[in-house]
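FYI, the numbering just counts along the sequence from 1. When reading the values below, keep in mind they use all heavy atoms of this one structure, side chains included, and skip hydrogens, waters and symmetry mates.
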Amino acid sequence: TGTLNVAVGHTALVSNTTASNNTAVGHASLNANTTGADNAAFGFYSLLSNTTGNNNTAIGDQALRLNTTASNNVAVGYQAGYSNTTANHNLFMGYTTGYTNSTGTANTFVGSTVGYSNTTGNGNAAFGSNYVGVALPTFYYNSTGSYNSAFGVGALASNTTAPANTARSEEHTSELQ
């Protein structure tokens, strides 16, 4: 049986069988986990569907919610990495960042809604944000493009499938200060 687990919240870690070293804080966090070890889930439905994934960290309501077998992911923010199921080695930081990523691996998305539409793209790095009325969200529409780098508000916002691009935005407004 599992050892050194902490569960706080209704149905948190309720399915755990032999997994050890997990921390689940929040309603239904790590709910489906059976043998996944060394996970940390903080927030309502965080890592809800994880069964055998290891070494994941989800902080925020519904962060990494659909993660099942994926390992070595970090998601911080409301619904960050929400649809990630089997993809490994991702970093999602910000409100709905990497929301539709399901099997894309080794991505780094930082900022509100960055990489929102990425589903299977691998090895992407995007840093920016979505400032309403200023520009399209950074790297928002990419779905399958891999090995792209986007820096700044709206950078590579309309890229959908093209690989190996680098873009930097120079968007400046006094309203953002």
Side-chain angles (χ1 to χ4, degrees), residues 23-30 39-50 53 55-68 70-161 165-177:
T23 302
V25 178
H27 175 78
S29 59
L30 279 167
N39 294 296
F42 299 89
F44 176 83
Y45 286 167
S46 57
L47 279 166
L48 172 76
S49 302
N50 192 76
N55 305 311
N56 293 297
T57 300
I59 301 172
D61 287 354
Q62 301 181 61
L64 291 173
R65 180 177 177 161
L66 301 181
N67 194 85
T68 54
S71 296
N72 304 307
N73 294 294
V74 175
V76 179
Y78 174 75
Q79 294 184 340
Y82 182 95
S83 301
N84 196 74
T85 55
T86 59
N88 302 313
H89 306 289
N90 290 296
L91 171 63
F92 308 113
M93 294 185 72
Y95 174 83
T96 67
T97 299
Y99 182 88
T100 59
N101 191 82
S102 56
T103 61
T105 62
N107 293 297
T108 300
F109 298 141
V110 178
S112 179
T113 69
V114 172
Y116 183 92
S117 300
N118 191 76
T119 54
T120 60
N122 300 309
N124 294 297
F127 304 85
S129 196
N130 171 20
Y131 293 107
V132 177
V134 176
L136 289 171
T138 304
F139 207 62
Y140 188 82
Y141 293 108
N142 188 77
S143 57
T144 60
S146 295
Y147 311 110
N148 293 293
S149 298
F151 304 92
V153 176
L156 287 178
S158 297
N159 186 71
T160 56
T161 60
N165 293 290
T166 299
R168 178 177 62 96
S169 170
E170 293 187 21
E171 184 69 45
H172 300 286
T173 72
S174 59
E175 295 155 19
L176 299 178
Q177 297 177 3

Minimum heavy-atom separation for [X] to [Y], with atom names?
{"X": "Ala63", "Y": "Gly77", "answer": "CB-O, 3.8 Å"}
{"X": "Ala41", "Y": "Ser46", "answer": "CB-OG, 3.3 Å"}
{"X": "Thr100", "Y": "Tyr116", "answer": "OG1-O, 2.6 Å"}
{"X": "Ala155", "Y": "Ala150", "answer": "O-CB, 3.6 Å"}

State the [atom1]-[atom2] distance between [X] and [Y], to the nearest 0.5 angstrom.
{"X": "Phe151", "Y": "Arg168", "atom1": "CZ", "atom2": "CZ", "result": "10.5 Å"}
{"X": "Leu156", "Y": "Tyr141", "atom1": "CG", "atom2": "OH", "result": "14.0 Å"}
{"X": "Leu64", "Y": "Ser83", "atom1": "CG", "atom2": "OG", "result": "10.5 Å"}

If we ignore hydrogens and angles and just use 3.5 Å, is the side chain of [X] paired with the main-chain N or O of [Y] as donor and acceptor?
{"X": "Asp61", "Y": "Phe44", "answer": "yes"}
{"X": "Thr68", "Y": "Thr85", "answer": "yes"}
{"X": "Ser146", "Y": "Gly121", "answer": "no"}
{"X": "Ser112", "Y": "Gly94", "answer": "no"}
{"X": "Ser169", "Y": "Val153", "answer": "yes"}
{"X": "Asn90", "Y": "Asn73", "answer": "no"}

For a side chain to side chain contact (heavy atoms under 4.5 Å, CB included) check, start with the C-alpha distance between Arg65 and Leu48, then their side-chain angles and the critical distance, and finish with the verdict. CA-CA 5 Å; Arg65 180 177 177 161; Leu48 172 76; 3.5 Å; yes

Heavy atoms, side chains only, cut-off 4.5 Å: are [X] and [Y] in contact?
{"X": "Phe109", "Y": "Asn124", "answer": "yes"}
{"X": "Gln79", "Y": "Tyr95", "answer": "no"}
{"X": "Thr108", "Y": "Phe127", "answer": "yes"}
{"X": "Thr161", "Y": "Ser143", "answer": "yes"}

What do the steps show when you test Thr119 against Thr103 for side chain to side chain contact (heavy atoms under 4.5 Å, CB included), and what is the final call? CA-CA 6 Å; Thr119 54; Thr103 61; over 6 Å; no

Member of Val74, Val110, Asn118, Asn101 meeting the side-chain contact (heavy atoms from CB on, under 4.5 Å) criterion with Phe92: Asn101

If the test is side-chain contact (heavy atoms from CB on, under 4.5 Å), which one of Thr138, Asn107, Thr96 qualifies with Val114? Thr138

Start with the C-alpha distance between Leu47 and Ser29, add both sets of side-chain angles, then the distance that settles side chain to side chain contact (heavy atoms under 4.5 Å, CB included), and finish with yes or no. CA-CA 6 Å; Leu47 279 166; Ser29 59; over 6 Å; no

Does a side chain donor of either Asn88 or Asn72 reach within less than 3.5 Å of an acceptor in the other side chain? no

